[in-house]
J.: 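Have a look at this one before I ask anything.
Heads up: numbering here begins at 1 and tracks the sequence.
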Amino acid sequence: MVSLGSVFGLLLLLIIVRASRSAGIDFRFGSYIDNYMVLQKEPSGAVIWGFGTPGATVTVTLCQGQNTFKKKVTTVKAHSNTWVVVLDPMKPGGPYEVMAKQTFGITNVTLRIHDILFGDVWLCSGQSNMKMTVLQIFNASKELAVAAAYQSVRIFSASLVQAEEELEDLDKVDLSWSRPTAGNLGNGNYTYMSAVCWLFGRYLYDNLQYPIGLVSSSWGGTPIEAWSSKRALKSCGVPNTSNERILQTTRSECKSEGSLCPLGSFTLPPSVTGPATHSVLWNAMIHPLQKMTLKGVIWYQGESNEDLNRDLYSCMFPALIDDWRQTFHDGSQKQTERFFPFGFVQLSSYAETNTSDYRFPEIRWHQTADFGFVPNLKMPNTFMAVAMDLCDLNSPFGSIHPRDKQTVAYRLHLGARALAYGEKNLAFQGPLPKKIELLAHSRLLSLTYDQKIQVHRQDNKSFEISCCSDRLCKWLPVSVNSFSTKTLILGISACRGTVVDVRYAWTTWPCDYKQCAVYHPSNTLPAPPFTAPITYQAPRFRASDSSTQE
């Protein structure tokens with residue numbers, strides 16, 4: 001006869017065996033924790049995380065050959081089935097192996113990833129100009145041929161996914177962490193790896209000589225609203241087309257209710273060809289990366305907002321930057337710096353028939369929060385690559401997609417070297433006027449720049465003045481009269497009234513390829529576009545109200 005105690009013991013053993021067999025089925029790393037990855041180096045600690053059996057113990061070990069570094073032990077959280085450890089700060093280099101072992105009951109499950117490097121990790125995001133691959137740019141075959149020489153620059157690309165709610169992990173991955181090859185850098189158009197991202201990382205590696213990790217998460221034709229969290233959009237009062245009455249846009253057909261359109265009548269402008277619903281790409285392609293310890297971010301976006309909430313871009317972009325910074329700081333257990341470096345590309349140019357269209361110039365201006373330069377009070381620790389002189393009329397991808405991504409990435413990397421790496425005495429942005437003075441008696445306008453200038457062209461198109469008479473103001477082109485190392489003189493005799501504003505390069509296509517009027521002489525950085533009032537003191541740049549001036 002079997003005793004009650006032995007039956008109970010058998011049942012308990014069956015429960016333990018079943019639990020042990022099920023433990024480990026869902027034990028895995030997060031989607032981007034994989035072979036060949038780059039983890040953020042010192043002074044920050046890299047975050048390793050994944051999913052497991054609730055209540056299980058997870059031990060993470062970093063190894064190099066026979067050397068074992070300090071182990072980290074944690075438990076799997078019951079509510080999210082996730083586990084997280086922060087490695088001790090490591091010097092750049094490698095390769096290393098990471099081992100994670102889950103213990104639950106009498107069962108152990110071990111995961112390993114190999115060929116791990118420590119260096120700097122940069123996230124690259126935006127729309128199609130960031131999405132373009134090396135295959136699509138100038139001198140593609142040469143760029144692809146040298147890729148194999150950069151085995152310490154590792155690449156990763158997220159898949160195109162949307163989500164209505166914030167995801168814990170990436171749903172799909174296009175390119176797992178990889179060494180660079182001609183195949184994964186040039187795998188078709190707008191697929192796999194971003195050319196700007198790759199070139200930026202390559203230039204950084206040439207300068208730093210230690211590993212660089214590049215994470216690409218971009219989608220062509222997308223507005224900033226899709227990449228912003230709901231809280232960031234709310235902070236700027238951005239209307240939500242799904243549940244609010246919305247402001248009429250330039251291309252909306254709604255006319256019956258003045259400046260407001262009823263629900264259901266809003267149509268997206270032609271510049272938006274990708275997902276535009278609020279936060280869907282933030283939810284699926286950025287939020288899942290929040291545990292990653294980053295060095296910084298680069299961003300190339302704005303074309304899709306030329307007709308969508310354009311006037312709100314000067315709020316939405318700084319709000320996105322601040323929100324991404326806070327999210328990655330918190331998500332990485334405060335290992336990613338709270339105000340990590342954030343670089344972006346100011347919009348290039350494209351050919352259009354309406355030369356008086358100010359949508360692109362306004363977006364360029366709003367990209368700087370209406371200051372005309374970065375870093376500024378609203379956008380600290382940011383850097384910008386001016387690209388308005390990189391036009392490409394014959395681009396097979398349309399002139400809005402210029403193929404010279406090498407110069408874009410080079411200018412970005414200069415900003416990173418200055419802002420992110422503290423390199424001194426390095427020019428990383430073009431000259432801007434620090435003083436604008438009206439020489440009334442001689443009908444001249446003097447612009448004194450903050451750096452040395454090189455004037456490439458003395459035309460009568462690059463600079464304009466706002467001339468006001470009888471309460472009407474009109475923009476008039478003016479010519480460059482003369483210039484010196486830091487000063488440029490404009491002739492303003494064409495204005496018979498009062499000169500109240502001056503602006504520079506305020507068109508969609510300001511100049512031909514690398515032939516804008518004003519540059520920095522040392523490394524041909526173009527002067528950014530600006531608009532400013534006429535004062536006798538250092539001007540505080542402000543946005544132009546083109547709606548009231550012809």
J.: Are any side-chain N or O atoms of R364 and backbone N or O atoms of L347, one a donor and one an acceptor, separated by less than 3.5 Å?
T.: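 Yes; judged by distance alone, with no hydrogens or angles, the pair exists.
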J.: How far apart are the closest heavy atoms of L160 and K131, and which atoms are they?
T.: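 Closest approach of L160 to K131: CD2-NZ, 3.9 Å.
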J.: Answer yes when E166 and R231 have at least one side-chain N-carboxylate O distance shorter than 4.0 Å, and no when they do not.
T.: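 Between R231 and E166 there is a salt bridge, with a charged N closer than 4.0 Å to a carboxylate O.
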J.: For the residue pair P211 and P92, what are the closest heavy atoms and their distance?
T.: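 Taking every non-hydrogen atom into account, CD-CB, 4.4 Å.
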J.: What closest approach, in Å, do D392 and P402 show between heavy atoms, and which atom pair accounts for it?
T.: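 Minimum heavy-atom contact is CB-CA, 3.5 Å.
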J.: Taking all non-hydrogen atoms of both residues, which atom of L312 and which atom of V238 are closest, and how far apart?
T.: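 Looks like CD1-CA, 4.0 Å.
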J.: May I ask you to check whether F317 and F344 place their ring centres under 6.0 Å from each other?
T.: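 Distance test on ring centres: under 6.0 Å, yes.
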J.: Going through the distances and angles, do D330 and R338 end up as a salt bridge (charged side-chain N to carboxylate O under 4.0 Å, His left out)?
T.: CA-CA 8 Å; D330 294 340; R338 172 64 180 87; over 6 Å; no
J.: Aromatic ring centroids of H114 and Y36 under 6.0 Å?
T.: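 Aromatic pair counts; centres sit under 6.0 Å.
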J.: Strictly distance-based, threshold 3.5 Å: is any side-chain N or O of S44 a donor or acceptor partner for the main-chain N or O of T336?
T.: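 Between the backbone of T336 and the side chain of S44 there is no qualifying donor-acceptor contact (under 3.5 Å).
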J.: Donor-acceptor pair, distance only, cut-off 3.5 Å: does the side chain of D169 make one with the backbone of S31?
T.: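 Between the backbone of S31 and the side chain of D169 there is a qualifying donor-acceptor contact (under 3.5 Å).
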J.: Quick check: are there more than 12 heavy atoms from other residues, nucleotides or ligands sitting under 6.0 Å from NZ of K71?
T.: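 It does not: K71 NZ has 12 such atoms or fewer within range.
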J.: Less than 6.0 angstrom separating the ring centers of Y313 and H366, yes or no?
T.: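 Ring-ring flag for Y313/H366: false, centres at least 6.0 Å apart.
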J.: With under 30° as parallel and over 60° as perpendicular, where do the rings of W299 and W324 fit, or are they tilted in between?
T.: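 Plane angle over 60°, so perpendicular.
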J.: Measure the OG1-CD distance between T75 and Q102 for me, rounded to the nearest 0.5 Å.
T.: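 The distance works out to 11.0 Å.
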J.: Measure across T222 and G126 and return the closest heavy-atom pair with its distance rounded to 0.1 Å.
T.: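 For T222 and G126, the tightest heavy-atom pair comes out as OG1-O, 4.1 Å.
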